[in-house]
Amino acid sequence: MSLLTAEDAASRLEHRCVLLEGRLAASQAEYDALTGRDVPRVALVEMRHLRAHLRADLDLTRALVDEIHSGRLELSGSAAVR
């Protein structure tokens, strides 16, 4: 990221947010479909673990986008993207 302009980094991170949101929605749908069925509990725990990681990744990525837009995180000496 440090080699990208702020605008390019923010754009790429925003795209990553969209992808993460899709993965999170898909994993939630899969989890919901398996809940209540005869699925080993460990499988559901693993799915919850994956969803927690996806949510954490999404939260961090959104925070980075916000920091770039606000100017708190400057990249390549470029000005904040507003």
Side-chain angles (χ1 to χ4, degrees):
M1 239 180 24
S2 63
L3 299 177
L4 301 174
T5 65
E7 183 176 286
D8 193 28
S11 176
R12 290 174 187 228
L13 288 170
E14 288 164 346
H15 179 71
R16 179 172 176 75
C17 285
V18 171
L19 296 176
L20 287 168
E21 289 165 351
R23 289 181 60 197
L24 189 56
S27 68
Q28 182 65 50
E30 184 179 359
Y31 181 84
D32 291 345
L34 294 175
T35 301
R37 294 187 180 189
D38 191 22
V39 176
R41 173 117 172 93
V42 69
L44 296 176
V45 169
E46 289 172 354
M47 290 179 75
R48 288 175 54 200
H49 185 252
L50 171 64
R51 288 186 6 252
H53 277 270
L54 289 170
R55 274 192 304 275
D57 193 355
L58 180 58
D59 290 346
L60 176 61
T61 305
R62 285 177 175 159
L64 287 171
V65 170
D66 182 55
E67 288 184 30
I68 292 169
H69 283 296
S70 71
R72 293 186 311 256
L73 179 61
E74 292 187 24
L75 302 172
S76 302
S78 58
V81 177
R82 294 178 200 252

Exercise for review: Taking the side chain as every heavy atom from C-beta outward, state whether Arg51 and Glu30 have any pair of such atoms under 4.5 Å apart.
Suggested key: no

Exercise for review: Please examine the side chains of Gln28 and Asp32, heavy atoms only from C-beta on, and report whether any two atoms are closer than 4.5 Å.
Suggested key: yes

What heavy-atom pair brings [X] and [Y] nearest, and what distance separates the two atoms?
| X | Y | answer |
| --- | --- | --- |
| Ser27 | Leu54 | OG-CD1, 3.9 Å |
| Leu13 | Val65 | CB-CG2, 3.4 Å |
| Ile68 | Ala9 | CD1-CB, 4.1 Å |
| Cys17 | Thr61 | SG-CG2, 3.5 Å |

Review point. Quick one: do Leu64 and Leu58 end up in the same hydrophobic cluster if we chain Ile, Leu, Val, Met, Phe, Trp and Tyr together by side-chain heavy atoms under 4.5 Å apart?
Key: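 No.
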
Point to revise | Shared hydrophobic cluster, Leu60 / Leu20 (ILVMFWY, side-chain heavy atoms < 4.5 Å) | key: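 Per the 4.5 Å side-chain linkage, Leu60 and Leu20 are not co-clustered.
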
Check your understanding: Salt bridge or not for Arg12 and Asp8, using N-O below 4.0 Å?
Key -> yes

Review point. So does Glu21 pair up with Arg62, basic N to acidic O under 4.0 Å?
Key: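 Looking at Arg62 together with Glu21, the answer is yes, because their closest N to O distance falls below 4.0 Å.
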
Review point. Got more than 12 heavy atoms from elsewhere within 6.0 Å of CZ, Arg55?
Key: yes

Show me the donor-acceptor pairs, under 3.5 Å and distance only, between side chains in residues 34-47 and residues at least two apart or in other chains.
residue: Thr35; atom: OG1; partner: Tyr31; partner atom: O; Å: 2.7
residue: Arg37; atom: NE; partner: Ala33; partner atom: O; Å: 3.0

